[in-house]
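Below is one structure; the comments refer to it alone.
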Amino acid sequence: MVKIGLEIHGYLLTKEKLFCKCLSVHGKKYTEPNINICPICTGQPGSKPLLPNEEAVKKLIQIALVLKCTINKSVFWQRKHYSWPDLPKGFQSTVSGPYAIPNGVNGKFMEIRIRECHLEEDPAAWNPLTGEIDYNRSGAPLVEIVTEPDFKSSEEVIDWIKNLIAALGYVKAIDKQSGIKADVNVSIKGGKKIELKNINSTRKIKEAIEIEIARQKKDIPKEEQTRMYDENDRVTKLMRTKENAIDYRFIKEVDLPYLNVDLKLINDLKKQIPELPQERLKRIIKDYKIDKKTASILTKEIEIVDLFEKVCKKVGVKLALIWVLQEFLSVVNYNKMSVSDFNINPEHFIELLQAIKDNKITESKAQEILRKWVPDSFSPKDEINKNIKISKEELNKFIEQAIKENPKAVEDYKKGFKGAINFLVGSVMKNSNKRADFKLTKEMLEKKLK
Amino acid sequence: MISEKERKQIETESKKLLEKFARKLWEIKGLPKESMIIRDKSMRKEENGCSDKELKKRMLANAKNKNDDFIIAKEKSW
C-alpha cells in the first residue's frame, strides 16, 4: 500500500514582490540577474518589510476557494529560520509553521483532501554548482498547497497536478511560465515517510515517485528522511534526516501585523471565479456535442475555450474547432509562446472565419493573416478586401501559366509521379498570391493533365 | 587569527547553543495573542514594480566572491 502526499509551490502572478516594491520577475529567460532587488528583499541590516502585497493575498484566497478550503480571516506571519545563502535575512516570512493558522484549510480538489494552503515568500535562487545567487527571486510571493497523503500512484499524482494547474490557470493566479515546484512525500506500508525535495516538473515528479517506491520496497525506511531526485543517475539520494519544525526556530514575525481579510473581500473573490475546467469540460461536451478528447484540449486553457465559445456561436462548431484548435494553436506553438501571450479579439477571429465561410478568401490566405496576429490581432477587413479569392476563370489562367512554366513537372506527372502535381499546385498558389482555392486547383490540374 | 581547531570548537558550541535555544523556544506554550505591530491596514496596494541596477553595483562592489552578475557562495565556504 503506497501513500503519497504533495506540497506544491507555485509563483503567484503579481507585479510586485510580497514585502517590497521590486518587480516580481525572475529567471534568466526573463530578466537580467540581480536587478529586481532592494534592501528589503536582500535582507540589508535595518530594513523592514512593507505590508504584504494585496494582489498576492487575493490570488492566494482565490486558489484556496478553488480548492474548496475554509478561509481563515485573520492569520499571522511567522519567521522560519535557517542558514543558507539563498536566505539573506536568515528567515523566511510565512503563514505556515507549528503555531500557524494557514490562510486556507480543509479543502478538496478532485477527491484529494487539501490540508492547507498558505502564503509565503520565496528565497533567492542559489545555484549549488556555481555558487551564484540571484536575489531577483528573493521575496517573490508563493502559494504552498499541502495535500493529505491520498494519492496511491504516480499516474494519479500527475493527472491531479495537470488538472490543478489548469484550474489555477483559469483564475490567473499562478505564473505558469515559472512552473511549479513540489516536495513529494512517499511512504509504503510499515515504513517511515520519505520527503523528496524540490522537484520542478511533472515528468520528474512521476519518475522520482516510481523510483522511490521501488527503492522503499527493497529497503523499508526505518527513519524519516529528506531525499533529492537525481535524474541523471535515476536514483533518489539522501540529503538529510528530516528536519523538524523545532529546527526552524519558528517565532511570530514581529515586523508584520495580522493579515486580516473580511467576508466581503472573500465573497467578491468568490464571484470572480469562472466556471472551472472540470465543470466546463462536461458542459462543452453536452452543449456542442464534441468528443471528450477534443473537449479536454479545448478546456485546458481558459483563453482557448473562451475564444472557441465566442467564435462558434457565429461560425459554427466545426469551423471554430479547426481554426481555434489547429490553426491558432499551431501559430502559438510556432512562435514558442503561450496562449495568454496573445491578445486575440474574438471579433477579429469571427470576421476572418466568416470570410472563409462566405468564400471570400482562401484558407491559405486566412492562415497568412492569422500568422500576422502575433501578439495582437487586428481587423482582417483590409487584408480580406485586398486578397479576395480568385474566380474559376482567373484560376484557369494561373493553371495554364503553371503548366507552361513547369514542363518537367508536367512530364513527371504524366509518367506516373503523382506527387509532381503538388509542385504545380504550389506554382499556382505562388503566382496567385494564395488567392486560389487549393482543393479546386488540384482538381482542375488533374483534369487538365489527364 | 583563530586556529582551525578553535574555529571548529566555536562552530560546535554555537550549534549546541542554537539547538538549546530552539528547544527552549519550542517549549513555550502558545504565542502572544495580540499582534506585535499595529497598522491601520494589513495589506498594501500593488503598483507597477521597479528595478534597481545601482544596488546591484553596490552589492557586487562589496562582495568578496563574485562575477559580473552574481555574488558567489560556494558550499561550505560562506
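In what follows, chains carry the letters A, B, and so on, assigned in the order in which the sequence lines appear, proteins first and then strands, with residues in each chain numbered from 1.
Here the shortest heavy-atom pairing between A/Trp126 and B/Ala73 reads NE1-O, 2.8 Å. Heavy-atom minimum distance, B/Ala22 versus A/Arg249: CB-CG, 3.6 Å. In terms of heavy-atom proximity, A/Thr130 sits nearest to B/Ile72 at O-CG2, 3.4 Å. Closest non-hydrogen pair, B/Met43 versus A/Asn260, comes out as CE-O, 3.5 Å.
In this structure, CG in B/Asp68 is found 10.5 Å from CD in A/Glu32, a value given to the nearest 0.5 Å. Annotation: the span from B/Leu18 atom CG to A/Asp247 atom CG amounts to 9.5 Å, rounded to 0.5 Å.
Each of B/Arg23, B/Lys53, B/Lys57, B/Lys66 has some count of heavy-atom pairs under 4.5 Å with chain A, and the biggest count is that of B/Lys53. Ranked by heavy-atom pairs under 4.5 Å with chain A, the first of B/Glu19, B/Lys41, B/Arg39, B/Glu47 is B/Glu47. Note on A/Val25, A/Asp134, A/Thr31: by heavy-atom pairs under 4.5 Å with chain B, the leading option is A/Asp134.
Taking the side chain as every heavy atom from C-beta outward, B/Leu55 and A/Pro39 approach each other to under 4.5 Å. Here the side chains of A/Glu132 and B/Asn67 are in contact, with some heavy-atom distance below 4.5 Å.
Checking side-chain atoms of B/Glu46 against main-chain N and O of A/Glu16 turns up a donor-acceptor pair under 3.5 Å.
Contacts of B/Leu60 with chain A are absent, with no heavy-atom separation under 4.5 Å from either backbone or side chain. With a threshold of 4.5 angstrom between heavy atoms, A/Asp86 does not approach chain B through any atom at all. Interface residue B/Leu25: backbone and side-chain heavy atoms are both found under 4.5 Å from chain A.
With sequence neighbours left out, the side-chain hydrogen bond (donor to acceptor under 3.5 Å, both in side chains) criterion links A/Asn232 to no other residue.
Checked against B/Ser51 for a side-chain hydrogen bond (donor to acceptor under 3.5 Å, both in side chains), the options A/Asn36, A/Asn34, A/Asn136 give a single hit: A/Asn36.
Within residues 44-55 of chain A, the residues having any heavy atom under 4.5 Å from a heavy atom of chain B are, by residue number, A/Gln44, A/Leu50, A/Leu51, A/Pro52, A/Asn53, A/Glu54, A/Glu55.
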